[in-house]
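Each remark here refers to the structure printed beneath this line.
Because the structure is predicted, anything quoted here is derived from the model rather than measured. Just so it is clear, the values below take in all heavy atoms, side chains as well, and ignore hydrogens, waters and symmetry mates. Within every chain, numbering begins at 1; the chains are lettered A, B, ... in the order of the sequence lines, protein sequences first and strands thereafter.
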Number of protein chains: 2
Amino acid sequence: MSATMRDVARLAGVSVKTVSNVVNDFPYVSERTRARVLAAIAELGYRMNFSARNLSLGRTGMLALAVPELRLPYFAELADAVIAAAAERGYTVLIEQTGGVRERELAVLTSDRRRMTDGLIFSPIGLRAADGAQLDVDYPMVLLGERALHAGVPHVAMANAEAARAVAGHLLSVGRRRIAVVGSSDEPGPSAGSLRTRGLLDTLAAAGVTHDPALVGEALEWTRAAGAAAMRQVLDRGVEFDAVFGLNDVLALGAMRVLYERGLRVPQDVAVAGFDDIEDGRFSRPSLTTVEPGKAEIAGSAVALLVEHLTTTGPGPGASVVAGFRLHVRESTAG
Amino acid sequence: MSATMRDVARLAGVSVKTVSNVVNDFPYVSERTRARVLAAIAELGYRMNFSARNLSLGRTGMLALAVPELRLPYFAELADAVIAAAAERGYTVLIEQTGGVRERELAVLTSDRRRMTDGLIFSPIGLRAADGAQLDVDYPMVLLGERALHAGVPHVAMANAEAARAVAGHLLSVGRRRIAVVGSSDEPGPSAGSLRTRGLLDTLAAAGVTHDPALVGEALEWTRAAGAAAMRQVLDRGVEFDAVFGLNDVLALGAMRVLYERGLRVPQDVAVAGFDDIEDGRFSRPSLTTVEPGKAEIAGSAVALLVEHLTTTGPGPGASVVAGFRLHVRESTAG
DNA sequence: TTGTAGGCGTTATCAA
DNA sequence: TTGATAACGCCTACAA
């Protein structure tokens, strides 16, 4: 059995409370006793029991982060950023994978595991507007995504539509007019995909360019394989196009792979742009034009909102943050 | 305040212990009382307090997984596999990032956070043989990596040398003789990199092919950027080569990017092979020949060994598992 | 500046 | 089959 505070107290000849004071860096502990206690701690190899502390404190010091899948580069990078932001504030992150599936996303909200944490940073993609009520939970939560999903829950969004308009503007500026969209889904509502699509279409419309619905490729999930399938779908329709907007980077990379297989040159025949600025796109052939959606800012704001929520009493005001973005033009759309 | 067992007990007109029995699916609870208790639980919206249970049980039901970085695809995929394997046995995984830096790896072994978990699955890459003693910890641990790091700690290895020999054999079979190595480091000892390198060199030697030391490119970390830098290092030496063995996939992908920038064709001028079988390599241009090192088996074995360690008394026998591998030949070495 | 008493919510022991 | 009671190890009063 490992040593407890009581053991340390006994060895140091002080009370448990004093040991606690030393361990928690409380003021008002004389140097002499502090030294004695520290010596005893070292001698016994004492380590705090967190279960006991958590029980006593009524908190765990852990935050849950629920994302679709860790193996999707965007979420791996996001998780990394959240872990870093949480660490700065003394919190540990427990990662939860939902697969982007509605049922599993709903399950996260009420799971036992959730109760091991003080709050939740939730990035849902399968939930529909009708599920909004389920987000009315009795613990601190911050949403990553669109406000429309449920007012009243603080959330951090990215500038999906605006960034997509920037992408569209860029594609227009390099002379592209027939722009295929890879990765859209039938789901209605303000998903990242529909907002990005809308941003693109709005810009095209504003430029007087009509968009052919046959240029839209569907993807149920946002993976390379799904991007490849969506690209094939569009190609097999035999419609012409001179650019592809992948609703995120892995979709775009999957699409580029298919373009390569079909003998189409990027960017000469088809320009390709993505969204997320994952590391892969900086080393792909060709390198991928994309939008960096402010991952660090998103992570930082989410943790800040959540911790604020945690340390103040009562529910917050349902704050809202929109992270800044940046367009990175690379080889896949050059010229 | 949320409801406690005491509240449930009161409402159901039973004792706390009975509530506990119901919640934990103990036998010897009459259907009548069970029903009453469940009704009370539903009415009060009772949820178990894990801090209290953990304190009482002396365990947390969490396993720590320490890896270099989640944004490295191999570790994201490994983490995913470990989470799945742990879930099957009712455990939750707490991910710890070390950056692959020795100091942080040592810190993980004694960190406070580690004490929130029942055991550790540890994938060190910065530790040296001399740090072996530090691995003598008083809690259950399973190492991912080479046994030589510390006998006595159960570990799960991949067939680094054997798989590398398979890669070398394949490169030889497609007529390559001057094979550059991307990603080696000066660190002595049985690291994955040195084992893979040795496997390659052994096979070359056995085939009567002498290896030019100028063909080795160094990389301090295993990232695309480092792979690119290592490839440039070799190219800038002006030595000729007809193949590249990236000690892992991201290194190989970084190298491929540089070959492309320098106008070298893959596989016509240079064949490229990697290690890990990350998803990126299946969609890269060209797709990447690689070794699938048995990630699922590694994760499954690690969790199994750890949980076994956890549930039996005393330290285990220092078991050892070597996962099977599989060579995937793709475009980057075709012909 | 330090000590004592009581409680945090669960589980284990042992009677009943 | 169920209940009372004592841990589990720490923290927050309140006292000294």
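At whole-Å resolution of the value, CZ in A:R59 and C1' in D:dC11 are 13 Å apart. For the pair A:R115 CZ and C:dG9 P, the computed distance is 11 Å after rounding to whole Å. Atom CE of B:M116 and atom P of D:dG9 are 17 Å apart (whole Å). Residue B:K17 contributes atom NZ, which lies 6 Å from atom C1' of C:dT11 at whole-angstrom precision. Between the CZ atom of A:R34 and the P atom of C:dT1 there is a distance of 11 Å, rounded to whole Å. Across the protein-nucleic acid pair, B:M5 atom CE and D:dG3 atom P stand 14 Å apart, rounded to whole Å.
Nucleic acid contact class of B:V23 (heavy atoms, under 4.0 Å, all strands): none. Across all strands, A:Y46 comes closer than 4.0 Å only to sugar-phosphate atoms, never to a base (heavy-atom distances). Within 4.0 Å (heavy atoms only), B:V14 reaches sugar-phosphate atoms of the nucleic acid but no base atom.
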(request) Determine, step by step, whether B:V322 and B:M158 satisfy the side-chain contact (heavy atoms from CB on, under 4.5 Å) criterion, reporting the C-alpha distance in whole Å, the side-chain angles of both residues, the deciding distance to 0.1 Å, and the verdict. (result) CA-CA 5 Å; B:V322 178; B:M158 48 177 85; 5.9 Å; no
(request) Evaluate the criterion side-chain hydrogen bond (donor to acceptor under 3.5 Å, both in side chains) for residue pair A:T60 and A:N54; output intermediate values, then yes/no. (result) CA-CA 5 Å; A:T60 64; A:N54 292 344; 5.5 Å; no
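Residue B:S15 places at least one side-chain N or O closer than 4.0 Å to OP1 or OP2 of D:dG3. Side-chain N/O atoms of A:R53 include one lying less than 4.0 angstrom from OP1 or OP2 on D:dC11. Under 4.0 angstrom from either OP1 or OP2 of C:dT2 there lies at least one side-chain N or O belonging to A:T33. Remark: A:T18 is in phosphate contact with C:dG3, judged by side-chain N or O atoms under 4.0 Å from OP1 or OP2. Note on A:N24: a side-chain N or O is less than 4.0 Å away from OP1 or OP2 of D:dC11. For B:S30 and D:dT2, the shortest distance from a side-chain N or O to OP1 or OP2 is below 4.0 Å.
Of the residues near DNA chain D, B:L55 and B:N21, the one whose nearest nucleotide (by heavy atom distance) lies more toward the 5' end is B:N21.
Side-chain atoms of A:E105 come within 3.5 Å of backbone N or O of A:G126 as a donor-acceptor pair.
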